[in-house]
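Have a look at the structure below before the remarks.
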Amino acid sequence: MTEWLLSGGRFLAVSGAGSGSDARVRPVFRWSKIQGALTGVLAGRVWRLSQTDTHILYQVIGQVDNQPLPSRPGRKKQKRKSNTPIEPNNGVVEKKIKSEEKADTKEQPKMMTQAMTSNTKVTKIKTEDGEEITLKTEDGLAEKNIEVSILRDYFQLDVKLTDLYEQWCKDDPHFKQVSPNFTGIRMLRQDPVENLFSFICSSNNHISRISGMVERLCEAYSARLCEVCGVTYYAFPTVSALAGRGVEERLRKLGFGYRARYISETAQYIMEQGGESWLYNLKTLPYEEAKAELIKLSGVGAKVADCVCLMSMDKTGAIPVDTHVWQIVNRDYKHKLGTTKTLTDKTYKEIGDFFRQLWGPYAGWAHSVLFAADLRKFQELKTSTEKKVDTKKSVKKKKSR
DNA sequence: ACAGGACCTCGACA
DNA sequence: ATGTCGAGGTCCT
């Protein structure tokens, strides 16, 4: 049995953890679990995702309205009509993608734009009943090819995870001890705009509230939406929309607190730099430089900048040190590092450098494995102390230390 | 360079 | 029924 965890913008595929199985999918930010499948918006489409041990299963069940978004990679003109509810599991063939293919020519992770345009190749997909079909880029099949490309890009399936795990186990005894129950954990390649503003919301905050805030942000400022099976899905707002007048005031009324100003100021700053394309272009900079640019943004410190670098700028060595990672360090790696009472800038950098040296160029990916393990412990602890509480809503409570 | 405190909000907990 | 605490940080002294 395989399960998925979604955490703070990290999409975690966890296989065969075995124990008790009280662990469950945790929908965070913009993916939620509906009828057993993760449902959310990606690249202008509404998806349902699930997985087996070997395949990712997906359905595209809707599309958000197409509005001009010239600067954002991965957006293409959509022809399918929106607002058309499609019944899941009803006449729609679930498609599978092999989780890890070896035949790819390039080692480098592909960017969305490249994946979208390199559709000249033939793609093989296994259907649910095991039949293998071949898709070419022509007529109606082109769209399916694009869908596959989007998911391959999102899950970064060209990254050979097993090789990386092997290396990390070899170099780090503690990783070797912890990782077997947490295989298959990949970093998602997320959209920089969405990622950035979501993590600005995360400061001094807890996950359940962040999710609500991001949702309200979309409802208030996205013009692109569609409804599927009674649920409304939004594209993420444009930076331009968030840079408008009165944004801070409105967001404060929506419960964003002091982060309202961060969002407004950051959006305005990005527009001054030339808009979303400026943000996307940070991908082309080396890690340190991209991070330095991000830290200039209001409400963006070292941690949020590293989240953006790792999850949406292809900086695979970025290590976001949040309270969880700080705990992990102090518990499991303390002997390797100098100790400070609080997380200072200097210590922050030392931790990142230490792990990059230990784990290599994909250190950020390795760190998320330990993060996932820690999260699991946290959840098990929580659920075991919470047995009597039985609410209908999926309340995510945080247990304080 | 480091420590300390404020900051919005809202469930847990006492 | 109220009061305090702290949450996947950032910013300012």
Side-chain angles (χ1 to χ4, degrees), chain A residues 5-12 26-30 187-188 190 195-217 247-266 269 291-292 294-311 318-330 338-352 364 367-379 381-383 385-389 391 393-401:
Chain A
L5 292 170
L6 205 64
S7 169
R10 291 163 231 219
F11 194 98
L12 312 173
R26 276 183 89 87
V28 180
F29 295 176
R30 303 203 66 212
M187 199 56 56
L188 295 178
Q190 299 179 86
N195 205 225
L196 170 64
F197 285 97
S198 296
F199 273 104
I200 286 176
C201 294
S202 77
S203 79
N204 193 25
N205 205 348
H206 51 265
I207 309 261
S208 58
R209 186 151 84 105
I210 300 165
S211 302
M213 286 163 62
V214 173
E215 201 55 40
R216 291 197 292 281
L217 191 69
V247 168
E248 176 180 353
E249 190 182 24
R250 187 169 177 195
L251 289 181
R252 279 202 176 255
K253 283 180 185 158
L254 289 173
F256 281 66
Y258 55 82
R259 302 165 198 86
R261 181 169 58 86
Y262 293 161
I263 290 170
S264 173
E265 286 179 353
T266 288
Y269 180 88
K291 181 176 176 180
L294 288 168
I295 284 179
K296 292 178 185 171
L297 302 173
S298 176
V300 179
K303 189 266 177 179
V304 170
D306 273 330
C307 283
V308 175
C309 280
L310 176 63
M311 301 172 194
I319 309 264
V321 183
D322 59 16
T323 52
H324 282 277
V325 175
W326 178 237
Q327 272 186 302
I328 291 170
V329 167
N330 281 296
T339 53
T340 48
K341 276 209 163 61
T342 57
L343 186 54
T344 64
D345 288 348
K346 192 181 166 195
T347 312
Y348 187 106
K349 189 171 188 336
E350 279 174 5
I351 291 171
H367 120 283
S368 79
V369 175
L370 294 190
F371 188 95
D374 217 55
L375 184 72
R376 171 61 54 79
K377 263 187 223 164
F378 187 70
Q379 272 189 21
L381 186 70
K382 184 168 70 92
T383 51
T385 59
E386 236 177 44
K387 279 213 170 137
K388 7 180 161 175
V389 185
T391 49
K393 293 189 249 176
S394 70
V395 184
K396 284 170 291 241
K397 280 158 278 199
K398 305 300 281 190
K399 179 117 182 110
S400 44
R401 291 171 269 154

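Scope of the values below: all heavy atoms of this structure, side chains included, with no hydrogens, waters or symmetry mates. Protein chains get the first letters and strands the later ones, always in sequence-line order, with residue 1 at the start of each.
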### Summary
A:Gln327 atom CD is separated from C:dG9 atom C1', nearest whole Å, by 15 Å
### Query
Which heavy-atom pair separates A:Thr342 from A:Thr347 by the least distance, and what is that distance?
O-OG1, 4.3 Å
### Evaluation steps, side-chain contact (heavy atoms from CB on, under 4.5 Å), between A:Leu196 and A:Val300
CA-CA 9 Å; A:Leu196 170 64; A:Val300 179; 3.9 Å; yes
### Query
Is it the case that more than 12 heavy atoms not belonging to A:Glu249 sit under 6.0 Å from its CD atom?
no
### Beyond-backbone contact of A:Tyr348 with A:Asp306, side-chain heavy atoms, under 4.5 angstrom
yes
### Task
Quote, to the nearest angstrom, the P distance that separates C:dG6 from B:dG4.
15 Å
### Query
So A:Ile210 and A:Ser198, side-chain contact (heavy atoms from CB on, under 4.5 Å) or not? Walk me through it.
CA-CA 7 Å; A:Ile210 300 165; A:Ser198 296; 5.5 Å; no
#### Entry: Residue-phosphate contact under 4.0 Å: A:Thr323 side-chain N/O, C:dG9 OP1/OP2
yes
### Task
Mark yes when over 12 heavy atoms from residues, nucleotides or ligands other than A:Asp345 sit less than 6.0 Å from its CG; otherwise mark no.
no
### Query
Aromatic rings A:Tyr262 and A:Tyr258: how do their planes relate, parallel, tilted or perpendicular, breaks at 30° and 60°?
perpendicular
### Query
How long is the line joining CG of A:Asp322 and C1' of C:dG6, in whole Å?
15 Å
### Query
Atom CZ of A:Arg209 to atom P of B:dC10: distance rounded to whole Å?
6 Å
### Message
Output the rounded distance in Å from NZ (A:Lys296) to C1' (C:dC11).
### Response
18 Å
### Qualifying residue, where the test is side chain to side chain contact (heavy atoms under 4.5 Å, CB included) with A:Met213 and the options are A:Ile200, A:Asn205, A:Leu251, A:Leu254
A:Asn205
### Query
Is A:Leu297 touching bases, backbone alone, or none of the nucleic acid, heavy atoms closer than 4.0 Å?
sugar-phosphate
### Query
Checking all strands, does A:Ala260 fall into the base, sugar-phosphate, or nothing category for heavy-atom contacts under 4.0 angstrom?
nothing
### Query
Just checking, any donor-acceptor pair under 3.5 angstrom between side chains of A:Ser208 and A:Ser211?
no
### Task
Starting at atom NE2 of A:His206, determine the distance to atom P of B:dC13, rounded to an integer number of angstrom.
13 Å
### Query
How far does the P atom of C:dT4 sit from the matching atom of B:dA6, given to the nearest Å?
14 Å
#### Entry: base_contact_polar (C:dC11 base, A:Arg261 side chain, donor-acceptor, <3.5 Å)
no
### Query
Between which residue ranges does DNA chain B form stems of three or more consecutive Watson-Crick or G-U wobble pairs, both distances under 3.5 Å?
B:3-7 with C:9-13, B:9-14 with C:2-7
### Query
Side chains of A:Glu265 and A:Ser298: do they bring a donor and an acceptor to under 3.5 Å?
yes
### Task
Write down the distance between CZ (A:Arg216) and P (B:dT9), rounded to a whole number of angstrom.
11 Å
#### Entry: Separation of atom CG in A:Leu251 from atom P in B:dT9, rounded to whole Å
12 Å
### Task
Write down the distance between CE (A:Met213) and C1' (C:dG9), rounded to a whole number of angstrom.
12 Å
Between protein and nucleotides 1-7 of chain B, what N or O pairs are separated by less than 3.5 Å?
{"unit_1": "B:dA3", "atom_1": "OP2", "unit_2": "A:Thr342", "atom_2": "OG1", "d": "2.9"}

### Task
Could you tell me whether the side chain of A:Arg259 has a donor or acceptor atom within less than 3.5 Å of a complementary atom in the base of B:dC8?
yes
### Task
Determine the interatomic distance between C1' on B:dG5 and the same-named atom on C:dC5; round to the nearest Å.
15 Å
### Message
Closest approach to the side chain of A:Lys303, judged atom by atom: which nucleotide of C:dG9, C:dA7, B:dC8 is it?
### Response
C:dG9
